[in-house]
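Right, one structure below, let's go through it.
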Amino acid sequence: MGFMMKILLRHLLSTTLFIAGTVLAGGDYIRPPPRKTLSFPWDQKPSSQPQQVHISLAGDKHMRVTWVTNDGASPSIVEYGTSPEKYSATAQGESTKYSYLLYSSGKIHHTVIGPLQENTTYFYKCGGEGPEFQLKTPPSKFPVTFAVAGDLGQTGWTKSTLDHIDQCKYDVHLLPGDLSYADYLQHRWDTFGQLVQPLASSRPWMVTQGNHEKESIPFLKDGFVSYNSRWKMPFEESGSASNLYYSFDVAGVHFVMLGSYTPYDEYSDQYSWLKADLLKVDRRRTPWLVVLFHVPWYNSNRAHQGEGDDMMSSMEHLLYAAGVDIVFTGHVHAYERTVCLHCLYYFPLIIIKRVYNGKSDRCGAVHITIGDGGNREGLAHWYKQPPPEWSVFREASFGHGELKMVNSTHAYWSWHRNEDDESVQSDQVWLTSLIGSGCNTGGGSPEMRRILMAS
């Protein structure tokens, strides 16, 4: 069977499944109640032993290793290599710490290692002490798989979601805001780091901020001090002046992480940076363009209605001009997917739609809300009726998503809800990129450059 015939059959199957899912969502399935916040027993570790280890991408062929020690004299070094206990390289990093009212953080280390080989397992040790960790670098070519989960928190459902992600063969974790739900209680940042360490120390976690990261106190504390100190992302590597917005590449995908809680109007630094970043995108090298931020622009849930309207008014035309394929958001504690674009123009049974400016548009983006990682605030059950024409699938359940970029034109998206403690694939669809669609794609496109420069 030829490749295109297989793709056509998969489109037919996925179309049937998501139409059926749209009809059945919210039918016989009884959504679970919230679960209690996890308790973390006190564990006295040596003051120099690394804790809360996590990794993130840090530019081409490099990775940032982050950890915390209680010993202020502990060095910010990482030893690493491709064989256990045999380290062929050592990198020296930097450290920081912060105080928040009566709380004082440990020493937070950030060390960049590399250059690293793609799709390779490395063994590493932090600060010269403690256990050996191992990580796997992403591939440099398709296929590549991403796990996606927002609004995690630290509850029993969070642990269930993390357990399910651990069963997924993914390369990078994407988190569109609301990590620890510390909400001013700074020790909860420490327990969150402890909770996610098994996953976050082995695959890069790429995150952006949500409202629960703000933690500002008027006249006393600026916002995002804890988040910026603990979760340093590659903003400098991407030409950004702020850790709250940045970009990075994985294989053939260019990711843009935006800040819903930092200025985004046309006179803001974030707006100027976004224009410059989109103009540099080369769709021949990165045919997929994906954006993440916290507050959804397309949301038919009654929770958080209209909160993303101002940001959408300021920035949506930039994403449209650049030909963004997919937008992931959190904030609403439920799952929702807009109409997706199927590029089989010659197959009349498949409707060709995406969404832009509040209505279907074949050159718009697919918007996916996935703020249902397992937080303590529970699910957002109530949806507007009837649903808007751009909303295809919506369900109030905890869970995670998996995005497999198969090649430069096709990707497979699936959403897995937590049904009790089992992972159930509740929504799935084949996505097609805007490459070859006749829409503006690529920073080098004269038409796109004209639109972006005029914005």
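- A salt bridge does not link K107 with D71: every distance from a Lys NZ or Arg NE/NH1/NH2 to an Asp or Glu carboxylate oxygen is 4.0 Å or more.
- Between the side chain of S240 and the backbone N or O of Y245, at least one donor-acceptor pair lies under 3.5 Å.
- Between the E213 side chain and the L179 main chain, a donor and an acceptor come within less than 3.5 Å of each other.
- Remark: side-chain polar atoms of E132 are not paired, donor with acceptor, to backbone N or O of K125 under 3.5 angstrom.
- Qualifying side chain to side chain contact (heavy atoms under 4.5 Å, CB included) partners for T191, counting only residues two or more places apart in sequence or in other chains: F40, Q154, R188.
- In this model, no donor atom of one side chain and acceptor atom of the other lie less than 3.5 Å apart for H54 and Q197.
- Once rounded to the nearest 0.5 Å, the distance linking NE2 of H187 with OG of S105 reads 15.0 Å.
- Using a 4.0 Å cut-off between charged side-chain N and carboxylate O, K61 and E118 make no salt bridge.
- Between the N228 side chain and the F224 main chain, a donor and an acceptor come within less than 3.5 Å of each other.
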Should D190 and R230 be marked as a salt bridge (charged side-chain N to carboxylate O under 4.0 Å, His left out) after you check the CA-CA gap, both sets of side-chain angles, and the distance that decides it?
CA-CA 10 Å; D190 295 315; R230 296 171 180 270; 3.0 Å; yes
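- If you check the side chains of Q92 and T111, you find no donor sitting under 3.5 Å from an acceptor.
- Partner H254 forms a side chain to side chain donor-acceptor pair (under 3.5 Å) with one of D277, D282, D325 and no other, that one being D277.
- Of the listed residues (Y87, F133, Y80), just one forms a ring-ring contact (aromatic ring centres under 6.0 Å, His included) with Y124, and that residue is F133.
- When each of F146, F328, F393 is checked for a ring-ring contact (aromatic ring centres under 6.0 Å, His included) with W413, only F328 meets the rule.
- Under 4.0 Å is where a charged nitrogen must lie from a carboxylate oxygen, and between E94 and K232 at least one such pair does.
- Salt bridge annotation for K136-D171: present, with a cationic side-chain nitrogen under 4.0 angstrom from a carboxylate oxygen.
- No side-chain donor-acceptor contact under 3.5 Å links T69 to the backbone of S48.
- The aromatic rings of Y100 and Y184 sit tilted, their planes meeting at an angle between 30° and 60°.
- For P218, there are no side chain to side chain contact (heavy atoms under 4.5 Å, CB included) partners at least two apart in sequence or on another chain.
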